[in-house]
Each structure stands twice: as C-alpha cells, then as structure tokens.
*Asks:* 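There's a structure below that I have some questions on.
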Amino acid sequence: MKKRSTKLAVLIAVVALIAAACSSGGDEAASADFRIAIVAPSASNDLAFTQSIVDAANKLKADGIIGEVAVTDGTFVVDDAAVAIRDYASQGYDLVIAHGSQYGGSLQEIAPDFPDTSFAWGTSADTFGLPNVYSYEAASDQGGQVMGIMAAALSKTGKIGIVGPIEVGDAKLYVDGFKQGVLFYKPNADVTINYIDSFSDVALASEAAQSLIGAGADVLSGTAQMVVGAVGVAKSEGVLWFGTQANQTSLAPEIVVASQVYHWEVILEEMINNVKDGKLGGELYSITFANDGLVIEYNDGFDLPADVKELAENAIKSMKANG
Amino acid sequence: MSEIFTTAVLVAVVASAIRLAVPLLLAALGETFGQRSGVLNLGVDGIMLLGAFAGYYAVLKTGDVWLGLLSGAVVGFVLGLASAVIAVTLKAEQGISGIGVYLFGLGMSDLLFQKLVGTPIPIETFPPVRIPFLVDIPLIGDMFFRHSLVVYLAFAAIPLATFIINKTTFGMNIRAAGEYPEAADTLGVSISRVRYATEIIGGTLAGIAGAVLAISLGIFQQNLTNGAGFIAIALVYFGAWRPTGIMLGALLFGFVNALVLELKTLEIIPRDLSNLFAMAPALITILALVFVARRFQPPAALTKPFTRGK
C-alpha cells in the first residue's frame, strides 16, 4: 500500500512538473510570438524622441517579453506614416505604435478598420473612445522641473534659454516644466523660450541657441531631435546643456550636465499584458518618476556640485512621493 | 521693443543671416549654371544630403574638415554627372527625374548614416577666420569678418560666377544652350557637352553646399537639409537666374529667419503668433517670386531636352 502511494506521489509530481514545464513553455511561446511595430517621425538613433521608444521595445525584446520589433522611422510626412501603420496592422502585428502626436488623425481613421489589432498613440491623452487604441504620454514636465532647478542653481548670469520645436505634446510639457523649475529656485531668473516651429531644422535650432547665448544665457536646454545642432553651439560657446528624451551626454560630454531619459518599457509592458489578456485599448498611460518611466541620468564626466545634485534628488523624491 | 535697436542684436542677426545663407547660396549658384543652359535639376536637395553625409563621414574618420569638403564635392560631381546622363543623354522628363535624384539622396544618405555611423557623433567644425584689420572695424568686423573660410569663399564665388556666365566663351555657350540651342548647335556649340558641364558644376556645388552645412553644424542627422535644396531652386527664380540676385535672395531668406529667431528670443513676437512668423521667410520668397515672374523670363529652353535636327 505504501509502495503504491509512493508511486502515485511520484506520478503526480512528474505530471505536475510536465504541466509546469508546458505552461512555462507556453508563456515563452506567447512572448516570442508577440510582435510590435513602431512608426516614428525621426531616426531610430536620434538621441531623442524616436530613439526612446525604439530602445524601450528592444529592451522588452531582449528581456524575452516580446518576440519581434519592426520599426519604420523617418516618417516626418504624416501620409507616409499612415501607410506604414495600415501596413503593419494588415500584417497582423499585435501592437502597432504610432509614435508621434501628429499621427492622431490617421490613427483615428485606421484603427476602426482593424478591430482585432491593438494600437498605441503617443504622446497624447486621447484614445478617441476607440476600444483598440491606447494612448501614452510622458510627464516630461516633472523632469523639466528637476532640470530647471539644477539649471538655475548653476547659472551665473541668471539668464537661461530653451530651444523648443513646436509648442505641442511632451515638448511643451518639458519646456513649461523647465521654466517652472528655474523660477522655483530663482524667481528673478530670466528664462527665454525660443520655439523654432520645426522638429527637424537642425540649422535653425543651432541659430536659436546662438541667439539665446548672444542674449546672455549661460545655461541651455532643448527638446526634440533637432537640438543636436544646438548642443554643438552650446559646446563651442562653453555653455551648459540639459538634455531630455534620451541621454545626450555623448553629444558633448564637456557641457551636458544631465538628461531626462524616457523608459517607455514600463508602460509598454503593461499594454502588452493587457493585449495578451484580450484588452486591446481604451486606456491612457503616462511615464513618471513614480513608475520609473522617467529617470534623470547624470553625466559622470561633469563635475556637478553635490548640493546641486541633492536639490535634484530631493525634487525627484518629492515628486515620487506625490505620484 | 527698444532692445531690437541695439548694436548687439543687429550684429547677431546679420552674422546669423550670413551663416544661414551660405549653403543656400552655394546650391543655388550651382543650379543657376544648369538652368541657364536649359536643365532644371530638382534633385539638388538629394545631392546636398549625400554631400552632407560624405563631408560628415570624412571628417568623422579623419578629423580634416577640408577633406570633408572635398568628399562632398566629389559626391556632388558624381551625382551631377548622373543627373546629366539622365537629363541630357536619356532625355528624361527633368522634373520627375530630379525628384528621383532627390529621393535617392534622401534615402541613401540616411541608409549610409545608419549603417556606417548609427548614433549622431559630433565632428570638428570649420574654424573661424578673423580677417586682419577688417575684424577690428566696429560693428562691421563682428558682422562680416569673423566667419569661417568657406563663408568668404562662397561670397567670392558670386563675382566669379557672374564673370564666367557673362564674360567668357563658356558662359556664352551656356546662355546660348539655354536660350537658342538650335542656333548654337548650328554654330558648332555642343549642347550636350555644355549641359553636361553645367550639371556637373551644379552637382559639385550642391555637394559642397551639403558638406558645408554638415561640417558647420558639426553633426549629421536624417534629412539634415530640411528642404534647403528646394529653397535653393526657388532662389534661382528669385534671383532671376543672376548670381547677384541669388545672393540677395539667399541673404534675405537668411535675414528673415535670423530676425524672427531674434525677435522670439527678445520676446517681441508673442508665443501665440510664433507659427505665423515662422512662415515669414517662405511668404516673402513667394511674394518675390511673383514679382520676378512678372518682370523676368526663365531661359527659353529650360526643361526642354535638345535633339539635333528637331
């Protein structure tokens, strides 16, 4: 009797192990099968907006959470992006990400034609009431405030300049947050914002930086992919720079103080889990300090005074505590 | 408002206008040669992009800005030759084939950048050259005599181009090929040879313009020119196919852009109206084009392929 029960126990254990193995293998298979497509306006390695989402998706792939990442970048022309979005949906990708505020109108037309495909649109806070569209945004004003506080603390002239693209989306949030941060620390500071009305004109961004420096700014920041030219000007003029969207230290290790880096993978993973559970959209996601979607990466090569770093860390801590 | 009338602002705006004008000026000058001989090349922007990448990549690998400039020129030369084969020998419809060259340059420059470089890496830029004595002239010195050598060379190319077009046999042949190709042909001028030469000059200058842009900015990025090649083509019409007119157009375009930026920095332009003012350079160009179109005629044989005996 004892022998028989031992045999039964062993059998149950083996069956349980096989079942667990099959179950685990099944999850891996599901992850490996999950396919993401990204359509984005600038280059995948722009050290800014597009790179942030591509890096996030590649991280999820490296972690085995998804199986395939397809990217169509450089679609400054919205009609080109619309073709790519529709094409990916037709090919059966599980999640098609339209990474650009300007793609909203196209997505609103395309998503209803593919009710079984999940779409994500950012940066935006609108899902158009569609059950298969997620929207996502970055609370970039949070990082902007932290950067602004540091900028004000480091500025000797009290004049700080910001080069912006077009006054929309996370760019506007960042610029507004940065200004708030500066004025919070130094209410008398002179913050000048120069929106060049282009996401892609590197030469104009460069001249905007020159103009701000000419007006006395000794600390600059800026957002979007065209700022690479502005960083170059800041470097040649010896003016400090604060980056956002991706780590911009490599552009000018001498003058980049810190960068606010977007970690979209935090919310992408949630979206993917929802899609796997059959929920294809209808929710808004945001990356913040609290969910670790926003991270301040300091330039190790820049000698940032300890008290200034402490100011930044305290601000981050406070924002994390407040959600 | 009084801030705008300070000398510092004036110096900043003029110096910025000159910097912004130079790539446009070089590309437009090159296109002028082609159009004066009867060939329209809408692929200027694509050639500029490939010239920009070639210049950037050469500087990235060697640190030598002049080798970068030369690389842009070589790439421009090759693409100018290719454009000539398409437009002159194959007699393709010039507007469409030019768009093809543009799309090739746009895609190929990005592809090469992705494969050979990846993430934007800063490069050396042209060093500023202070012209002795002249740089010490109050106001004028800061505006005009603290630029890089390529800026001075670009402006020196204006009288040279005017001389070549108006005072040399080659220039006379260019004008004849653009206005009366049949008559010129009967006098023994090889229209094909002239048009090949002007397309190669145009391509080379467009390649140099792209390299100047990339090396001046110290960076390359996808679609770096942001349509500058098309503005250069518009400037050829703006300048009524004359180098001096083109220079004035390029400077006006640069000046309006620089002025708008400066007015934004000084917060004289309200942020709500920022978009409106951003259109100012384009609007002024269109208005000027309307004015020029009423007073000047393009070369009579522009865009018309030449076939002997037809």
*Asks:* Please classify the contact between A/Val163 and chain B as side chain, backbone, both or neither, with a heavy-atom cut-off of under 4.5 Å.
*Replies:*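 Neither part, no heavy atoms under 4.5 Å.
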
*Asks:* Pick from B/Val13, B/Val260, B/Ile121, B/Leu261: which one has the most heavy-atom pairs with chain A under 4.5 Å?
*Replies:*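 Looking at each option in turn, the highest pair count goes to B/Leu261.
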
*Asks:* Select one option (side chain, backbone, both, neither) describing which atoms of A/Ala203 are under 4.5 Å from chain B's heavy atoms.
*Replies:*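 For A/Ala203, the contact with chain B is made by backbone and side chain together.
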
*Asks:* Out of B/Gly218, B/Ala228, B/Pro120, B/Ala258, return the one with the most heavy atom pairs under 4.5 angstrom to chain A.
*Replies:*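 Heavy-atom pair counts peak at B/Pro120.
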
*Asks:* Checking B/Leu106 against chain A: side chain, backbone, both or neither under 4.5 Å from a heavy atom?
*Replies:*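 Contact with chain A is absent: no heavy atom of B/Leu106 under 4.5 Å.
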
*Asks:* Quick one: are B/Leu217 and A/Val233 in side-chain contact, heavy atoms under 4.5 Å?
*Replies:*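 Not touching, per the 4.5 Å side-chain cut-off.
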
*Asks:* Using atom types as modelled and no hydrogens or angles, find all donor-acceptor pairs between chain B and chain A shorter than 3.5 Å.
*Replies:*
| unit_1 | atom_1 | unit_2 | atom_2 | d |
| --- | --- | --- | --- | --- |
| B/Ser16 | OG | A/Glu207 | OE1 | 2.7 |
| B/Arg19 | NE | A/Glu207 | OE1 | 3.4 |
| B/Arg19 | NE | A/Glu207 | OE2 | 2.8 |
| B/Arg19 | NH2 | A/Glu207 | OE1 | 2.7 |
| B/Gln114 | OE1 | A/Asn45 | ND2 | 3.0 |
| B/Gly118 | O | A/Asn45 | ND2 | 2.5 |
| B/Gln221 | NE2 | A/Gln225 | O | 2.5 |
| B/Gln222 | OE1 | A/Ala43 | N | 3.2 |
| B/Asn226 | OD1 | A/Ser200 | OG | 2.8 |
| B/Asn226 | ND2 | A/Asp201 | OD2 | 3.3 |
| B/Leu261 | O | A/Asn194 | ND2 | 3.1 |
| B/Glu262 | OE1 | A/Ser211 | OG | 3.0 |
| B/Lys264 | NZ | A/Tyr195 | O | 2.6 |
| B/Lys264 | NZ | A/Asp197 | OD2 | 2.9 |
| B/Thr265 | OG1 | A/Asn194 | ND2 | 2.8 |
| B/Thr265 | OG1 | A/Ser211 | OG | 2.7 |
| B/Arg271 | NE | A/Glu167 | OE2 | 3.4 |
| B/Arg271 | NH2 | A/Glu167 | OE2 | 2.8 |
| B/Ser274 | OG | A/Asp197 | OD2 | 2.6 |

